[in-house]
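Naming convention: chains lettered A, B, ... in sequence-line order (proteins, then strands); numbering from 1 in each chain. The structure displayed is predicted, hence computed values, not measured ones.
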Protein chains: 2
Amino acid sequence: MEDYLKSLWKLGPKDVGTQELADNLNVTPASATKMILRLTEKGLVDHIPYKGASLTKKGELEALSVVRRHRLLETFLSQTLGLGREQLHEEAEKLEHALSKNLENAIAEYLGHPTRDPHGHPIPGPNGELYNETDLPLSDSPMNMVLTVMQVPDNDSNILSWLENNQIHPGVQLMIVSRDVFDGGLNVTIGNQKIRISSSIASLVKISFEDGS
Amino acid sequence: MEDYLKSLWKLGPKDVGTQELADNLNVTPASATKMILRLTEKGLVDHIPYKGASLTKKGELEALSVVRRHRLLETFLSQTLGLGREQLHEEAEKLEHALSKNLENAIAEYLGHPTRDPHGHPIPGPNGELYNETDLPLSDSPMNMVLTVMQVPDNDSNILSWLENNQIHPGVQLMIVSRDVFDGGLNVTIGNQKIRISSSIASLVKISFEDGS
DNA sequence: GACGTGGTTTAGTCGCGGCTAATATAAAGT
DNA sequence: ACTTTATATTAGCCGCGACTAAACCACGTC
């Protein structure tokens, strides 16, 4: 239920098709339809049959609350237990539904009310406030400029391990030296290393032009 | 489900009646019966109809695993977030079902494999090993001896707050100076304070004769 | 030894969140 | 316009964990 809201948020704000939603949650389209009906009933979702579904204001706030819990948990587990970025998502996924408001507050307090999680994703405020929407996909970034990695994906531990092995994580600086005309792959320098990043991965890494520290 | 195992463990090792179990979990006896049947089916519980239920070896291990997760979580939340003893139980109760083996291990590691939680309750090992079964109820303890508080209850935040307010928590030393003949209430010195502890509360506090530090 | 009472179980229902199989719809191709 | 095809929905089922109401059993009492 909370998972559906989260997925709708992640896939939104456009209307999300049943199939797309179902794929995202690893359930069948029939299950997704049923849930969409339930959520519509509760006023969390607007649904146009055979068209798609999107969150209402109320649904969006719910979704942001889940996302907040998720990202606070990731930050907390990283900070205390020192879990690697590849492990965080999976664990937070399980715990987020069981996190009380009290504990959410205590964790936020403990962490000093962080605005980014260990993947660089912005953490919504207690009332759904979101900042930091200005980061750019690495795949769309200009060449020969110093770029600061701001965000890496959180949900694919394979990609994440690869990035980690190549020293790519939030805060790191790099520069695009060339771009492959055919497949969009990037040749990048990072420190004194040169690596190649496929365009599919590059589209998942977000950067800014400022010093991200 | 895990809650049923935990309750059966807590109320055992004797046969537990449907009513008693249902009361403990705040459900109706009918619900308890149904669950007992399911657990029997799975080989976690032995059930004699109209008599009672008790854990099998397999069920006990399951139960101990839940207890371990619960107590590790309490310890972890206390240690990191500094939550008060009264709040720990409730929060751990929610999270325990969502704690993966991985995270359980990471937390145990982080805490240095503790054997007691903040209430002094023993934490079962990863394979269900339990020590520290020698602590005595304060209500049964001799007078005029230095006693060390080892365990306080975890599940009643009112009692816990009262104990906390009177400086009674694991590690504290006290002495029984007199015992009320009629109601079993205890007069106790703790530091230079004298307080009275009702027999019902005293039966929930466990002590040892050794220095508990 | 029948009788009543309290605890136990069964029967039937509900909401949640899944599934499969069958049906309905919208959009695109001929 | 008609048919194909992809996508959505409905219908009907299952397991979990709760509930109420009704039947059932065991035990102590008379």
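- In summary, the side chains of B/Asp117 and B/His70 do not present any donor paired with an acceptor at a separation below 3.5 Å, with no hydrogens or angles considered.
- Regarding A/Leu39, its CG atom lies at a distance of 12 Å from the C1' atom of C/dC16, rounded to whole Å.
- Judged by distance alone, the side chains of B/Arg71 and B/Thr75 never bring a donor and an acceptor atom under 3.5 Å apart.
- If you check residues 14-30 of chain B against DNA chain C, the residues with a heavy atom closer than 4.0 Å are B/Gly17, B/Thr18, B/Gln19, B/Pro29, B/Ala30, listed by number.
- Between the P atom of C/dC16 and the NE2 atom of A/His97 lies a distance of 16 Å, rounded to the nearest Å.
- Rounded to whole angstrom, the span from the CG atom of A/Asp3 across to the P atom of C/dG17 amounts to 9 Å.
- Two residues, A/Lys34 and A/Leu37, neighbour DNA chain D, and the one matched to the more 5' nucleotide by heavy-atom proximity is A/Leu37.
- In this model, the phosphate group of D/dC19 is approached by a side-chain N or O of B/Ser31 to a distance below 4.0 Å at OP1 or OP2.
- One interatomic measurement links the two molecules: OH of A/Tyr4 to P of C/dG17, which rounds to 8 Å at whole-angstrom precision.
- Contacts of residues 47-70 of chain A with DNA chain C (heavy atom under 4.0 Å): A/Tyr50, A/Lys51.
- Note on ring orientation: taking the six-membered ring where Trp is involved, the planes of A/Phe76 and B/Phe76 are tilted (angle from 30° to 60°).
- Atom CD of A/Glu104 has more than 12 heavy atoms from other residues, nucleotides or ligands within 6.0 Å.
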Step by step, work out the side chain to side chain contact (heavy atoms under 4.5 Å, CB included) result for B/Ile195 and B/Leu174. CA-CA 10 Å; B/Ile195 61 168; B/Leu174 50 72; over 6 Å; no
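- Out of D/dT9, D/dC16, C/dC16, the shortest distance to the side chain of B/Arg38 is found at D/dC16.
- Atom pair A/Leu5:CG and C/dG17:P shows a separation of 10 Å (rounding to whole Å applied).
- Counting heavy atoms from C-beta on, the side chains of A/Lys42 and A/Met1 come closer than 4.5 Å.
- In this structure, B/Ala106 and A/Leu81 approach most closely via the heavy-atom pair O-CD2, 3.9 Å.
- The minimum heavy-atom distance linking A/Pro153 with A/Ile159 is given by the pair CG-CG2, 4.1 Å.
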